[in-house]
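Heads up, the thing below is written out as C-alpha cells.
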Amino acid sequence: MLELENITLKYGQSQILHGISLTAKPGEVTAIIGTNGVGKTSLLKAISGRHPYAEGQMRLDGAVLDHPTAFQAARGGIAYVPQGREVFPLMTVMENLETGFACLHKADRTIPERIFDLFPVLAEMRHRRGGDLSGGQQQQLAIARALVSRPRVLLLDEPTEGIQPNIIKQIGRVIHQLRDEGEIAIILVEQYFDFAYDLAAQFYVLNRGEVRLNGAKSDLGRERLLESFAL
C-alpha cells in the first residue's frame with residue numbers, strides 16, 4: 001500500500017501541491033482527476049522521484065521512502081508511465097522494454113511472457129523501432145516497459161491522451177486485469193472521465209494543488225464526481 005501524508009511541492013518560488021494526503025491499495029485503481037493545471041502530473045512526479053517534494057512523508061508497505069530519487073523510487077517498486085509516453089524512437093520495441101531492467105537486480109532482468117500476452121501487438125513488432133509505432137502502440141509499449149520492472153505501484157499519467165478508441169479499450173482491459181490480479185496498486189491520472197469512472201474504486205479530486213474531494217466511488221456517486229471534475 002502506498003501512503004502519502006501532507007506532501008507539498010514547489011517549482012522555484014511557486015508552490016504547486018499543498019498538503020496532499022492519499023492512500024492507494026493493491027487490487028484497486030485510485031483515480032486523480034481535475035482540470036488542467038491543478039497539480040495532477042506534479043503529484044505523480046513527486047511520487048516517482050522525478051521532482052523532489054518539499055515536505056511530507058511517503059510510505060510503501062509501511063516503510064518510509066524519504067525523498068527518493070527516480071532510481072530509488074523505481075527500485076522500491078514504483079513504476080511511472082509519463083504523459084507523452086517517452087518511448088525511445090530509435091530503439092526497437094525489445095530495446096525499449098529492456099530499459100525497464102535498470103532498477104532490477106541482474107537475476108530479474110528478463111521480459112516476462114505475460115507482457116506479450118497483455119500486449120500482443122508488441123510481440124508482432126518487437127523488432128520495429130519505437131518511433132515507427134502509432135501513438136496507441138507507443139502507449140502500450142510505455143505501460144509494458146513499466147511492468148517489466150515488476151512494480152508494486154503503477155502510476156499512469158493520461159494513458160488515453162491522443163489514443164484511438166479501440167486502443168483505449170485494449171488499455172482499459174489491461175488495467176482491469178492488473179487491478180483484478182490484486183498485486184499492484186494503480187494510480188490513474190485521467191481527463192477521460194468515463195474511462196476513470198469505469199476502472200477506479202477511489203477518487204481524489206484536485207483543485208489548485210489541494211484535494212477538494214475524495215472517497216470511494218460508491219459513496220461519492222457519478223453525478224457528484226462529474227460535477228467536481230468540471231470545477
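Residue numbers run from 1 in the order of the sequence given. This one's a predicted model, so the numbers in the text were calculated from it and none came from an experiment.
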Problem set entry | Minimal non-hydrogen separation, I78 against S48, with atom names | CG2-CA, 4.3 Å

Exercise. Is a side-chain donor-acceptor pair under 3.5 Å present for R179 with H176?
Worked result: yes

For this session: Decide whether a cation-pi geometry holds between K217 and Y197; the criteria are a distance under 6.0 Å from NZ or CZ to the six-membered ring centre and an angle within 45° of the ring axis.
Result: yes

For this session: Find out whether L133 and V87 are in side-chain contact, i.e. whether some heavy atom of one side chain is under 4.5 Å from a heavy atom of the other.
Result: no

For this session: Applying side chain to side chain contact (heavy atoms under 4.5 Å, CB included), run through Q137 and F119 and close with a yes or a no.
Result: CA-CA 9 Å; Q137 292 163 350; F119 301 104; over 6 Å; no

For this session: Classify the side-chain pair T8/Q15 by whether it contains a donor and acceptor separated by less than 3.5 Å.
Result: no

Problem set entry | Whether Y53 side chain and N6 backbone form a donor-acceptor pair below 3.5 Å | no

Exercise. Minimum heavy-atom separation for R85 to A142, with atom names?
Worked result: O-CB, 3.8 Å

Problem set entry | Shortest non-hydrogen separation from A79 to P151 and the atoms involved | CB-CB, 3.6 Å

For this session: Taking the side chain as every heavy atom from C-beta outward, state whether T30 and L2 have any atom pair closer than 4.5 Å.
Result: no

For this session: Verify salt bridge (charged side-chain N to carboxylate O under 4.0 Å, His left out) between R222 and D194, making sure each step is shown before the conclusion.
Result: CA-CA 10 Å; R222 179 183 175 86; D194 288 341; 2.7 Å; yes

Problem set entry | Considering all heavy atoms, the nearest S42-L9 contact | O-CD1, 3.8 Å

For this session: Is it possible for you to say whether Y80 and M58 belong to one hydrophobic cluster, with membership spreading through side-chain heavy-atom contacts below 4.5 Å?
Result: yes

Problem set entry | C103 backbone acceptor or donor facing R75 side chain under 3.5 Å | yes

Exercise. Going only through I, L, V, M, F, W and Y residues with side-chain contacts under 4.5 Å, is there a path from I33 to I163?
Worked result: no

Exercise. Quick one: CG on L220 to CG on L225, what's the gap to the nearest 0.5 Å?
Worked result: 5.0 Å

Exercise. Is any side-chain heavy atom of T23 less than 4.5 Å from a side-chain heavy atom of M1?
Worked result: yes

For this session: Determine whether N36 and Q191 make a side-chain contact, defined as any pair of heavy atoms from C-beta on separated by less than 4.5 Å.
Result: yes

For this session: Measure the NE2-NZ distance between H18 and K10 for me, rounded to the nearest 0.5 Å.
Result: 9.5 Å

For this session: Compare every heavy atom of A144 with every heavy atom of L122, then report the nearest pair and how far apart it is.
Result: CD1-CB, 3.5 Å

Problem set entry | Spacing of N207 atom CG and L213 atom CG [to the nearest 0.5 Å] | 11.0 Å

Problem set entry | Same apolar cluster (I L V M F W Y, side chains within < 4.5 Å links), V93/L118 | yes

Exercise. Donor-acceptor pair, R109 side chain versus L104 backbone, under 3.5 Å?
Worked result: yes

Problem set entry | M91 backbone acceptor or donor facing N96 side chain under 3.5 Å | yes

Exercise. What do the steps show when you test D61 against R152 for salt bridge (charged side-chain N to carboxylate O under 4.0 Å, His left out), and what is the final call?
Worked result: CA-CA 10 Å; D61 294 336; R152 291 184 287 164; 2.4 Å; yes

Exercise. Under a 4.5 Å side-chain heavy-atom rule over Ile, Leu, Val, Met, Phe, Trp and Tyr, are L199 and V189 clustered together?
Worked result: no

For this session: Walk me through it: do L4 and L43 pass the test side chain to side chain contact (heavy atoms under 4.5 Å, CB included)?
Result: CA-CA 10 Å; L4 308 182; L43 179 57; 3.8 Å; yes

For this session: Take Q139 and I167, measure what side chain to side chain contact (heavy atoms under 4.5 Å, CB included) needs, and give me the verdict at the end.
Result: CA-CA 9 Å; Q139 186 64 270; I167 303 297; 5.7 Å; no

For this session: Report yes or no: is the cationic atom of R224 (NZ for Lys, CZ for Arg) closer than 6.0 Å to the six-membered ring centre of F203, at no more than 45° off its axis?
Result: no

Problem set entry | Rounded distance [0.5 Å steps], CD1 in I20 versus OH in Y204 | 10.0 Å

Exercise. Is I175 reachable from I187 through a run of I, L, V, M, F, W or Y residues, each pair having side-chain heavy atoms under 4.5 Å apart?
Worked result: no

For this session: Please check if atom CD in Q72 has more than 12 non-hydrogen atoms from other residues, nucleotides or ligands closer than 6.0 Å.
Result: yes

For this session: Go through the steps for E183 and R114 under the test salt bridge (charged side-chain N to carboxylate O under 4.0 Å, His left out), then give the verdict.
Result: CA-CA 15 Å; E183 297 179 1; R114 78 184 294 262; over 6 Å; no

Exercise. Which distance, rounded to the nearest 0.5 Å, do you find between the CZ of R59 and the CD of E3?
Worked result: 4.5 Å

Exercise. So, for A196 and L188, which heavy atoms are closest and what is the spacing to 0.1 Å?
Worked result: CA-CD2, 4.0 Å

Exercise. Are the side chain of E5 and the backbone N or O of Q57 linked by a donor-acceptor pair below 3.5 Å?
Worked result: no

Exercise. Can you list the steps and then say if I184 with L147 is a side chain to side chain contact (heavy atoms under 4.5 Å, CB included)?
Worked result: CA-CA 10 Å; I184 300 176; L147 294 175; 4.3 Å; yes

Problem set entry | Partners passing salt bridge (charged side-chain N to carboxylate O under 4.0 Å, His left out) against R212 (at least two apart in sequence or in another chain) | E210

For this session: Calculate, to the nearest 0.5 Å, the distance between atoms CD and CG belonging to E86 and L141 respectively.
Result: 12.5 Å

For this session: Scan K40, E158, E161 and name whichever one has a side-chain hydrogen bond (donor to acceptor under 3.5 Å, both in side chains) with Q83.
Result: E161

